[in-house]
Number of protein chains: 4
Amino acid sequence: MTQAINKRKSPRQERAQATVAFILEASAHILVERGHGALNTNQIAMRAGVSVGSLYQYFPNKEAIMTELIRQKRERMLTGVDMALADTEADLFEAALNAVLEVIIQLHLHWPNLALALDQAEAFLPLNDETIQFKDALKAKIEHLLCRSEFTVSEQTTQDVIAISKGMIEHAGLAGETDEVALRRRVIRAVMGYLSN
Amino acid sequence: MTQAINKRKSPRQERAQATVAFILEASAHILVERGHGALNTNQIAMRAGVSVGSLYQYFPNKEAIMTELIRQKRERMLTGVDMALADTEADLFEAALNAVLEVIIQLHLHWPNLALALDQAEAFLPLNDETIQFKDALKAKIEHLLCRSEFTVSEQTTQDVIAISKGMIEHAGLAGETDEVALRRRVIRAVMGYLSN
Amino acid sequence: MTQAINKRKSPRQERAQATVAFILEASAHILVERGHGALNTNQIAMRAGVSVGSLYQYFPNKEAIMTELIRQKRERMLTGVDMALADTEADLFEAALNAVLEVIIQLHLHWPNLALALDQAEAFLPLNDETIQFKDALKAKIEHLLCRSEFTVSEQTTQDVIAISKGMIEHAGLAGETDEVALRRRVIRAVMGYLSN
Amino acid sequence: MTQAINKRKSPRQERAQATVAFILEASAHILVERGHGALNTNQIAMRAGVSVGSLYQYFPNKEAIMTELIRQKRERMLTGVDMALADTEADLFEAALNAVLEVIIQLHLHWPNLALALDQAEAFLPLNDETIQFKDALKAKIEHLLCRSEFTVSEQTTQDVIAISKGMIEHAGLAGETDEVALRRRVIRAVMGYLSN
DNA sequence: CATGAATGAGACTTCATTCAT
DNA sequence: AATGAATGAAGTCTCATTCAT
């Protein structure tokens, strides 16, 4: 139930749902192409092909749009990780790690600037409760993954694995890397190296 | 040396230098305490105890303030790394790595929110040339450091080491970690693990 | 009779009449509870349980709703006064004054905030013709009432009696008085005092 | 110290004081000529011959302007009453009543629409604390005045005298009366009639 | 040089009203 | 008739920057 919290009303008719989608798409595009500073409600509405009024029917303010974008990203991430974990045999650690990283890297590199822009936005927005929940959820999943390995896993270990991966993937995004396979291989190398030392 | 490219005048007199310092301090404080969104020139001037007019005597626009803050951070970082490298014997890799990380971690954790805020600001500002120069300089130094080790060092390796370290240190900053020693030990573990695999 | 001048259609069917009633009630409630500033057509429609579209079937614009509310208030007042006058013997002045004030006070204190809100609204709305008619009608009735007394009655006298009564009743409404009998006694004292001096 | 509470900064330089004065004047004019509904910050600024920005230097929002206008009115009223009371011999009740009413009527009829507009505005604005203080202060002064008379004075009496006077004066303002002397005579007749009955 | 008042473009948001379904 | 999504003019307010003193 991603809705409701920061939305004004849930779009019942198809048209309305399309409007919401347009607004979110437009916001993402602007964020990617012209950055945070150029993101304003008039631009968003214009680019989405709707009126500002419509925008405010579904989002109480500008932040709510960012928030929803971030929520979507997080949801995609969590479900992606879940699916990756579900698709791999419980006892094959490296395969699972591989699958999980494949999903995460794909999500980041597919639209690298959006991922980056949203990461930055997270710092400003007051979605702390949700942020904590998300981080906890992700941490739990990664911990679960790491427990499939032969290594001893503490909370710190999990955090570090996340930090290492995030650091490398973001760095790659910023640097304009596109070779997902190579990146994945290097992240695995780092993670395995960290775990096995 | 701090270049004068984006400055209106180099403050030769003492009072002027103090003014500049006040402005930068005030900006840093606001950034840390109330975030990017609350940083505006009137606030800065007020907090710095000067008039907006004075502020514009020393900085051509708001971005220049951020830029200068970032420059200072970078300069501290590069000189810190240089000194760390200079202080260690040329053939002791781990000692050098340790020293370098000590400096970097200290810079980050001393005022974690400022480091974070400035990192984020970098993404918005159009100081690309300088940014590239800085990244190149840092990369060169780290490459230099890594070459002291027994491992084969490619550009990719250097980048990854930087990415891993940055990821972990930022993560620690966000998480409010304060134990610099423990953090350094973990970063070293990650870097060594990555290199030796 | 409620005129149809400012109405789009006279609601002959029951449901339509109910809709109109709901809209007016909702408006009154919002006015009382949250004031003039919170009164907007979307809110009214929502509170009335109809759609904005329906609202605009029965009222050409927002003002028309206020106007209708004011009309109703005036109508209740004039009929109330008429009935009070009709119910009392032609030669008993004080009894008649008493009866008239009873009606008026009741109308005001029953929903004091609505009365006040509507009084204020009157000042903004361009229903001057109707307003003049109403005032004239009321003045005529009061003059008629005063003529039952032993005192000489000029137009000024009538106006003053109205002004005094209105002033005291509104003041009581604002102050949250609820003792209608005591209020009536004091108003009578003021009016009689004025007339007999 | 009327300032500070609802002001952003107090104007230190002459120019700034003039700006504040212009803004208040302009607001009063608009209020009188075109009513509450036409009062918006852009109009005010334009009419005052300053920029909106300047307006917001001295008033945090639109309401603050109205508030200040109301404060001024109240202050003029209270000081006016004080002076009237001070100017009359302590034992001459009617002379004092006369003097007080003269002041109040003058304040109202001099710019009748402004007085009315502000009275209405009072109802919407959240200056309740101040409103209560003002009413108490006025009540105290009037009570003081009434105690000079031979009549027994309760709080209710005072309230009623205020209500009667206010009702009559406002009514006169609305009706466009200009003969202050005649009005005063009638108000005195009403008040004396009420007291002596 | 410093001051701080003034500026105004532009961002955010509301709400009366229309109109396709 | 009813619905509720869409509209956009208009209003509120901020803040980077200028400029008279």
Side-chain angles (χ1 to χ4, degrees), chain A residues 8-9 11-20 37-46 49-63, chain B residues 9 11 13 15-16 19 37-46 49-65, chain C residues 8-9 11 13 15-16 19 37-46 50-65, chain D residues 8-9 11-20 37-46 49-63:
Chain A
R8 279 225 162 137
K9 62 179 168 191
R12 297 192 191 164
Q13 300 178 10
E14 267 183 54
R15 194 169 39 143
Q17 290 189 13
T19 298
V20 168
L39 190 76
N40 66 269
T41 51
N42 290 303
Q43 287 289 314
I44 295 172
M46 173 166 288
V50 302
S51 64
V52 228
S54 288
L55 189 155
Y56 279 94
Q57 295 255 346
Y58 301 107
F59 298 93
N61 52 46
K62 194 178 133 180
E63 285 184 359
Chain B
K9 62 178 82 171
Q13 297 155 31
R15 186 161 52 135
T19 301
L39 189 76
N40 66 268
T41 50
N42 290 295
Q43 285 287 312
I44 294 172
M46 170 166 288
V50 302
S51 64
V52 226
S54 290
L55 186 154
Y56 277 91
Q57 293 272 337
Y58 298 109
F59 296 92
N61 52 45
K62 191 182 153 183
E63 281 186 1
I65 301 175
Chain C
R8 281 222 167 134
K9 61 178 82 170
Q13 298 157 30
R15 186 161 53 137
T19 300
L39 190 74
N40 67 268
T41 51
N42 290 295
Q43 285 286 311
I44 295 172
M46 171 167 286
V50 302
S51 64
V52 227
S54 290
L55 186 154
Y56 277 90
Q57 293 272 339
Y58 298 109
F59 296 93
N61 52 45
K62 191 181 150 185
E63 282 186 1
I65 301 175
Chain D
R8 279 223 162 141
K9 60 178 168 191
R12 296 189 193 166
Q13 299 179 9
E14 267 183 54
R15 193 168 41 140
Q17 290 188 17
T19 299
V20 168
L39 190 76
N40 65 267
T41 51
N42 290 305
Q43 287 289 313
I44 294 172
M46 173 166 288
V50 302
S51 64
V52 227
S54 288
L55 187 155
Y56 279 95
Q57 295 254 347
Y58 301 106
F59 298 93
N61 51 45
K62 195 179 131 179
E63 285 185 358

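Quick note on labels: first sequence line is chain A, next is B, and so on, each numbered from 1. Quick note: numbers below take in every heavy atom, side chains included, and nothing from hydrogens, waters or symmetry partners.
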Exercise for the section: Respond yes when some side-chain nitrogen or oxygen of D:Thr41 is under 4.0 Å from OP1 or OP2 of F:dG11, and no when none is. Expected result: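 For F:dG11, neither OP1 nor OP2 has a side-chain N or O of D:Thr41 closer than 4.0 Å.
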Exercise for the section: Report yes if at least one side-chain N or O of C:Ser54 is closer than 4.0 Å to OP1 or OP2 of F:dA1; otherwise report no. Expected result: no
Nearest-angstrom distance from the residue atom [atom1] of [X] to [atom2] of [N]:
| X | N | atom1 | atom2 | value |
| --- | --- | --- | --- | --- |
| B:Asn42 | E:dG4 | CG | P | 12 Å |
| D:Phe59 | F:dG11 | CZ | P | 20 Å |
| A:Tyr58 | E:dT14 | OH | C1' | 16 Å |
| C:Gln43 | E:dC15 | CD | C1' | 10 Å |
| A:Leu55 | E:dT14 | CG | P | 11 Å |
| C:Met46 | E:dA16 | CE | C1' | 15 Å |
| C:Asn61 | E:dT17 | CG | P | 5 Å |
| A:Ile44 | E:dA11 | CD1 | P | 11 Å |

Exercise for the section: Please figure out whether D:Thr19 or B:Thr19 has its closest DNA chain E nucleotide nearer the 5' end. Expected result: B:Thr19
Exercise for the section: Please figure out whether D:Val50 or A:Val52 has its closest DNA chain E nucleotide nearer the 5' end. Expected result: D:Val50
Exercise for the section: Identify whether any heavy atom of B:Asn40 sits under 4.0 Å from a base atom; if not, whether one sits that close to sugar-phosphate; answer base, sugar-phosphate or nothing. Expected result: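 B:Asn40: backbone/sugar contact only, no base atoms under 4.0 Å.
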Problem - Distance (rounded to the nearest 0.5 Å) between C:Thr19 OG1 and C:Tyr58 OH - result: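 Output value for this atom pair is 5.0 Å.
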Handout entry: OG on D:Ser51 to CE on D:Met46, rounded to 0.5 Å
Key =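 D:Met46 atom CE to D:Ser51 atom OG measures 11.0 Å (nearest 0.5 Å).
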Practice task
Check C:Thr41 against C:Tyr56 and note the closest heavy-atom contact, atom names and distance.
Solution key: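 Answer, listing the atom of C:Thr41 first, then C:Tyr56: CG2-OH, 3.6 Å.
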Exercise for the section: Considering non-hydrogen atoms only, spot the tightest contact between A:Lys62 and A:Leu39 and give its length. Expected result: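 Looks like NZ-O, 2.9 Å.
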Of all the choices, [options], which nucleotide is nearest to the side chain of [X] once you look at every atom?
| X | options | result |
| --- | --- | --- |
| A:Ala16 | E:dA2, F:dA5, F:dG11 | F:dA5 |
| D:Tyr56 | E:dT13, F:dT14, F:dA6 | F:dT14 |
| A:Ser51 | E:dA6, F:dT12, F:dT7 | F:dT7 |
| A:Lys62 | F:dT3, F:dT12, E:dC12 | E:dC12 |

Practice task
Test for a donor-acceptor pair under 3.5 Å between the base of E:dA6 and the side chain of D:Gln57, counting only N and O atoms.
Solution key: yes
Practice task
For the residue pair A:Phe59 and A:Val20, establish whether any side-chain heavy-atom pair is separated by less than 4.5 Å.
Solution key: yes
Practice task
Find out whether C:Ile65 and C:Leu55 are in side-chain contact, i.e. whether some heavy atom of one side chain is under 4.5 Å from a heavy atom of the other.
Solution key: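 Sidechains of C:Leu55 and C:Ile65: in contact.
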Handout entry: Base-paired stems in DNA chain E, each at least three Watson-Crick or G-U pairs under 3.5 Å
Key =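 Listed by first number, the stems are E:2-21 with F:2-21.
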Handout entry: First of B:Gly37 and A:Arg15 reached from the 5' end of DNA chain F, by closest nucleotide
Key =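 Closer to the 5' end of DNA chain F: A:Arg15.
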Exercise for the section: Tell me which of C:Gly53 and D:Gly53 sits closer to the 5' end of DNA chain F, going by the nucleotide each one is nearest to. Expected result: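 Result: C:Gly53.
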